[in-house]
Trainee: 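Before I ask anything, let me first share the structure, which is written out below as structure tokens.
Heavy atoms only: backbone and side chains are in, while hydrogens, waters and symmetry mates are out. Proteins come first, then strands; the chains are lettered A, B, ... in the order of their sequence lines, and each starts at number 1. Since we're looking at a predicted model, the values are computed, not measured.
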There are 2 protein chains.
Amino acid sequence: MAEGPASRAVAELRRRIVMNELTPGTLLTELGLAGDLACSQAAVREALLRLEGEGLVLRSGRQGTTVTDLDADTAAEILDLRRRIELRGARRGARRAGAGDILALRRIQAAMEQAAAAGDAWAVLERDMDLHLALFRLSGLHAMGPILARCILHTHRFRLWAPWHRRPLGETARRHVPILEALEAGDAAALARELAGHLDTMVDRGVAAA
Amino acid sequence: MAEGPASRAVAELRRRIVMNELTPGTLLTELGLAGDLACSQAAVREALLRLEGEGLVLRSGRQGTTVTDLDADTAAEILDLRRRIELRGARRGARRAGAGDILALRRIQAAMEQAAAAGDAWAVLERDMDLHLALFRLSGLHAMGPILARCILHTHRFRLWAPWHRRPLGETARRHVPILEALEAGDAAALARELAGHLDTMVDRGVAAA
DNA sequence: CCTCGATTTATTATCGATATCCAATCGAGG
DNA sequence: CCTCGATTGGATATCGATAATAAATCGAGG
């Protein structure tokens with residue numbers, strides 16, 4: 001999984017930020033992280049460049065790089081955006097799904113359940129992202145994948161930041177089963193419905209929902 | 001404007017790709033570009049990392065990095081996304097615009113007209129991007145700025161790739177005036193209307209529009 | 001003639017050292 | 001006591017060299 005120092009640095013820092021071990025505003029120095037992660041400045045530099053591309057850190061030239069802020073308004077807006085992207089993608093992709101695609105999706109879902117059983121919250125999130133991205137890839141809208149990835153990442157971060165959104169890991173994993181069943185049945189309408197429901201229950205929108 | 005080799009490399013490569021001097025699929029090598037742009041491999045490397053974050057190139061490990069593909073379907077989808085982001089941003093931002101904000105926007109618009117008068121198509125696009133981003137920034141939805149930036153960039157690229165979408169530069173610049181006027185009047189509805197019209201006429205949607 | 005394997009080559013990935021730059025600090029003058 | 005300017009410290013930015021790796025090429029064997 002770890003192909004090199006740079007990849008490891010990206011994965012590790014991304015995990016720390018999304019899991020809120022590194023809180024918003026934290027100042028990161030390239031040389032300092034190089035010490036922590038036991039790699040060279042160049043590797044850390046590449047990692048920070050990538051994380052900036054994902055919106056997790058902000059590099060301000062020679063003043064250093066900081067972990068980006070979070071706010072509820074933007075998080076809600078991003079979730080809406082994500083909802084729209086995934087729904088439109090699902091409607092396009094439902095008909096193109098081959099048996100191989102569905103098998104691959106089921107494998108990811110199984111891996112997610114396995115991670116949930118092991119109590120590895122981060123691995124669950126990674127598999128969740130894999131699954132949603134693989135599903136979206138069926139739409140053929142290649143250039144939008146990274147945009148969706150960014151939205152998913154920020155959704156995850158916000159959910160962990162606002163702890164009242166947390167759910168049992170196993171439940172999170174099992175929630176995806178109906179989505180895959182709708183896809184396998186070739187029912188685009190059901191797929192969109194299940195996916196929409198999944199995204200809508202992802203975040204508690206105030207107490208009124210109860 | 002050019003702060004260093006890396007910044008210059010990013011700007012130059014971005015220009016070449018968006019202006020379609022570098023066509024989709026072109027293979028780029030770090031050392032080769034370093035020769036072209038008269039800088040070190042590290043500078044080119046940073047540039048390519050950033051451009052990958054913008055979706056303009058695809059880095060495939062040791063197999064090299066290529067200019068990303070374009071397709072009309074995705075372009076249409078991205079334009080829709082952009083429309084949605086900008087419209088929601090405008091509705092939020094209309095009330096918060098101060099006199100200083102409007103002055104800054106007018107300055108950018110003036111610079112765009114100047115670039116148009118000079119016949120500098122690329123500068124017009126840069127100012128267009130500046131203007132739309134500055135306008136969106138009024139919404140306070142910080143984390144979405146880079147997503148919008150990406151959408152605008154791809155919209156520009158697609159428009160230049162499909163030459164029938166081109167318009168006289170001066171017209172492009174002047175199109176933004178009503179938007180700023182609506183903003184200055186504090187009329188959120190008019191702002192949304194003008195902005196929507198601007199985005200809708202950006203791309204000819206088939207011959208039916210004639 | 002075709003296939004498989006070793007070799008070569010071209011390219012990225014990584015590192016350590018140096019140059020550059022911004023900002024905070026300290027000191028002198030008013 | 002306050003302000004302004006030089007200084008110093010700490011960080012990024014950049015470079016050149018080296019290591020590692022994957023694709024392409026060439027050659028021998030079948």
Trainee: For a quick check of understanding: with a heavy-atom distance under 4.0 Å over all strands, which category does B:G32 fall into, base, sugar-phosphate or nothing?
Mentor: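 Touches nothing.
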Trainee: D:dC15 C1' sits how many Å from B:L37 CG, rounded?
Mentor: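 Computing the B:L37:CG to D:dC15:C1' distance gives 16 Å.
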Trainee: Once you apply the 3.5 Å cut-off to both distances, tell me the Watson-Crick or G-U wobble partner of D:dA24, or none.
Mentor: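 Its partner is C:dT7 (Watson-Crick or G-U wobble, both distances under 3.5 Å).
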Trainee: Give me the ring orientation class for B:H198 and B:H132: parallel if the planes are under 30° apart, tilted from 30 to 60°, perpendicular past 60°.
Mentor: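 The arrangement is parallel - the two ring planes meet at less than 30°.
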Trainee: Under a 3.5 Å cut-off for both contacts, is C:dG29 paired Watson-Crick or G-U wobble with anything, and if yes, with which nucleotide?
Mentor: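 D:dC2 - that is the nucleotide pairing with C:dG29, both distances being under 3.5 Å.
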Trainee: Salt bridge check: are A:E12 and A:R16 linked by an N-O gap of less than 4.0 Å?
Mentor: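 So A:E12 pairs with A:R16 through a salt bridge.
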Trainee: Out of C:dC15, C:dT11, C:dC21, which nucleotide sits closest to the side chain of A:R62?
Mentor: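 The answer is C:dC21, which lies nearest to the side chain.
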Trainee: Under 4.0 Å between any heavy atoms, over every strand shown, what does A:L28 touch: base, sugar-phosphate, or nothing? Just pick one.
Mentor: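 Contact class for A:L28: sugar-phosphate only.
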Trainee: Please classify the nucleic acid contact of A:A42 as base, sugar-phosphate, or nothing, using heavy-atom distances under 4.0 Å.
Mentor: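 Contact class for A:A42: base.
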Trainee: Counting the atoms with a prime plus P, OP1 and OP2 as sugar-phosphate, which does A:R45 contact under 4.0 Å by heavy atoms, base, sugar-phosphate, or nothing?
Mentor: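 Base contact.
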Trainee: How many whole angstroms separate atom CZ of B:R8 from atom P of D:dC15?
Mentor: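 For the pair B:R8 CZ and D:dC15 P, the rounded distance is 9 Å.
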Trainee: Do the charged groups of B:R175 and B:E171 touch, with an N to O distance under 4.0 Å?
Mentor: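 Yes.
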Trainee: Here's a test of your reading of the structure: between A:Q63 and A:A38, which maps to the more 5' nucleotide of DNA chain C?
Mentor: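 The residue closer to the strand's 5' end, by nearest nucleotide, is A:A38.
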Trainee: Check the distance between C:dT14's C1' and A:E3's CD and give it to me in whole angstrom.
Mentor: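 Nearest whole value for this atom pair: 14 Å.
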Trainee: Tell me: CG of A:L48 to P of D:dA11, nearest whole Å?
Mentor: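 A:L48 atom CG is separated from D:dA11 atom P by 14 Å.
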Trainee: Nearest to the side chain of B:T29, heavy atoms from C-beta on, is which of C:dT11, C:dC22, D:dC15?
Mentor: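 The nucleotide sitting nearest to the side chain is C:dT11.
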Trainee: Test A:D130 against A:R127 for salt bridge (charged side-chain N to carboxylate O under 4.0 Å, His left out), laying out the working first.
Mentor: CA-CA 5 Å; A:D130 291 345; A:R127 296 298 83 73; 2.9 Å; yes
Trainee: Measure CG/A:L27 against C1'/D:dG10 and give the value in whole Å, please.
Mentor: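 A:L27 atom CG is separated from D:dG10 atom C1' by 11 Å.
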Trainee: Counting side-chain heavy atoms from C-beta on, which of D:dG16, C:dT14, C:dC22 comes nearest to B:S40?
Mentor: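 The answer is D:dG16.
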Trainee: Salt bridge check, B:E126 against B:R15: does any charged N sit closer than 4.0 Å to a carboxylate O?
Mentor: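 A salt bridge is absent here (no side-chain N lies under 4.0 Å from a carboxylate O).
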Trainee: Tell me: CD of B:E46 to P of D:dC15, nearest whole Å?
Mentor: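 From B:E46 CD to D:dC15 P: 11 Å.
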Trainee: Find the distance B:E30:CD to C:dT14:C1' and express it as a whole number of Å.
Mentor: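 Going from CD in B:E30 over to C1' in C:dT14 covers 12 Å.
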Trainee: Starting at CD of B:Q41 and ending at C1' of D:dT14, how long is that distance when rounded to a whole Å?
Mentor: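 These atoms are roughly 12 Å apart.
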